[in-house]
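Single-structure report; data block below.
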Amino acid sequence: MQPLLSKLEDQDSLQTLGRASVQIVHDLKNQLNGLKLYATFLKKRMERSERPQDEQETVVKLMAGLERAASDLSTLVQFGRPIELKKQPGIDLQKIMRGVVIGLSTPTGVTGALNGRFAIESPDTSMPGEFDPVALADAFKAISLGALKARRPQDSETPLKISMRREQSRAEAVIEWLGVSLDHDPFASFAGSDEIRMSLAAKIIKAHGGTAKYDSEALRVFLPTTA
């Protein structure tokens, strides 16, 4: 009978597997980007040759699918790598969240706007801390979009309520996305694109010394603040 691997050997094996998986995912992403480039050339050729509209729409849908797949693979690569933060002192969490909501409410060339879909409740005082504003903005965006899709049916036509408060006694900020109905914790799941992004968001928050969890129909984030 072969002896079981020691705990140290087992950990080394998992780390090696993790590094290999990240490289494989990275290579797959590059292949998808190549396919997207070919699809772009095909789309332009079809437009010049005035192909039927339904054929052109099929290529557009193909490109959108390739874009989503490449984006998911990019998120997996990010998740598999250590989080490298560029923290700055005195960053206000309220400003980050409001910037995210404004960004989601502004139309882009890729997606439409989510105007009127968010309602933020927060105190008049700021919530400063030592944060990486870009990384946290990405995390808050992923959580906000995930919360929109996981809302209770009866709340789907009303703005998503985002509550922000500061616990002075614990020097901690609490951010809640309310009215969410799920049968699992999306911060610890890879069940789909939204869960992958929310798991990465939880990893970013943990790197800031905080926590992210789902319970009682709310997504909650806890982050340390300064005076």
Side-chain angles (χ1 to χ4, degrees), residues 18 22 25-26 29-30 32-33 67-115 117-123 125-150 160 162-166 171-177 186-190 192-214 219-227:
V22 168
V25 171
H26 183 72
K29 178 196 165 189
N30 288 338
L32 283 174
N33 285 334
E67 182 68 40
R68 286 193 301 271
S71 178
D72 290 347
L73 290 175
S74 292
T75 305
L76 282 173
V77 170
Q78 286 181 274
F79 186 89
R81 290 174 174 166
I83 299 293
E84 297 181 0
L85 299 178
K86 296 180 181 178
K87 292 184 179 181
Q88 303 172 33
I91 299 297
D92 186 0
L93 289 175
Q94 289 199 63
K95 288 184 178 179
I96 296 177
M97 179 58 74
R98 293 187 185 281
V100 167
V101 169
I102 290 172
L104 290 175
S105 302
T106 303
T108 67
V110 179
T111 59
L114 296 172
N115 293 312
R117 299 299 302 275
F118 304 95
I120 300 177
E121 291 186 359
S122 60
T125 56
S126 63
M127 297 179 177
E130 190 174 342
F131 305 119
D132 181 332
V134 176
L136 275 185
D138 288 341
F140 290 168
K141 179 181 178 181
I143 297 171
S144 298
L145 290 173
L148 273 180
K149 296 179 181 180
L160 171 68
I162 302 174
S163 172
M164 304 184 72
R165 66 180 186 274
R166 190 177 179 192
E172 183 179 63
V174 183
I175 308 170
E176 299 175 314
W177 290 258
F187 293 122
S189 173
F190 292 91
S193 299
D194 296 321
E195 282 82 357
I196 293 171
R197 286 171 175 75
M198 291 178 73
S199 293
L200 176 59
K203 188 175 179 180
I204 292 171
I205 289 161
K206 184 177 180 181
H208 280 89
T211 57
K213 63 181 181 179
Y214 166 67
L219 298 169
R220 292 185 172 87
V221 164
F222 304 84
L223 284 163
T225 59
T226 55

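Computation of the quantities below employed the complete heavy-atom set of this structure, encompassing side-chain atoms and omitting hydrogens, waters and symmetry-equivalent molecules.
Residue Leu160 holds its CG atom at 5.0 Å from CG of Leu148, rounded to the nearest 0.5 Å. Atom-to-atom distance recorded for Leu200:CG and Asp138:CG is 8.0 Å, nearest 0.5 angstrom. Met198 CE to Ile204 CD1: the interatomic distance, rounded to the nearest 0.5 Å, is 12.5 Å. To the nearest 0.5 Å, atoms CZ (Phe187) and NZ (Lys206) are separated by 14.0 Å. Arg98 contributes atom CZ, which lies 9.5 Å from atom CD1 of Ile162 (distance to the nearest 0.5 angstrom).
A heavy-atom distance below 4.5 Å is not found between the side chains of Thr226 and Pro89. Contact of the Pro133 side chain with the Gln88 side chain is registered, since non-hydrogen atoms from C-beta on lie closer than 4.5 Å. By the 4.5 Å heavy-atom criterion applied to side chains, Arg220 and Trp177 are not counted as neighbours. Inter-residue side-chain proximity for Met97 and Ile175 is flagged as met; some heavy-atom pair is nearer than 4.5 Å. When side chains are defined from C-beta on, Glu121 does not count as touching Arg165, because their heavy atoms never get closer than 4.5 Å. Side-chain contact check for Ile96 versus Ile91: some heavy-atom pair is nearer than 4.5 Å. Counting heavy atoms from C-beta outward, Phe140 and Leu93 have side chains that approach closer than 4.5 Å.
Side-chain atoms of Asp132 never come within 3.5 Å of backbone atoms of Leu85 as a donor-acceptor pair (strictly under, hydrogens ignored). Gln94 places no side-chain N or O within donor-acceptor distance of the main-chain N or O of Met164, the cut-off being under 3.5 Å. Side chain of Asp92 to main chain of Met127: a donor-acceptor pair is present (N/O by atom type, distance under 3.5 Å, no hydrogens or angles). Between the His208 side chain and the Leu223 main chain, no donor and acceptor come within less than 3.5 Å of each other.
The existence of a salt bridge linking Lys87 and Glu130 is excluded, since no basic side-chain nitrogen approaches an acidic carboxylate oxygen closer than 4.0 Å.
Each of Leu219, Ile196, Asp194 was evaluated against Pro186; a single residue qualifies, Leu219, per the side chain to side chain contact (heavy atoms under 4.5 Å, CB included) test. The one candidate from Ile205, Leu136, Thr211 that meets the side chain to side chain contact (heavy atoms under 4.5 Å, CB included) condition with Val221 is Ile205.
At most 12 non-hydrogen atoms from other residues, nucleotides or ligands lie less than 6.0 angstrom from NZ of Lys149.
Judged purely by distance below 3.5 Å, without hydrogens or angles, the side chains of Thr225 and Arg166 pair a donor atom with an acceptor atom.
Between Ala142 and Ala201, the shortest heavy-atom contact is CB-CB, 4.4 Å.
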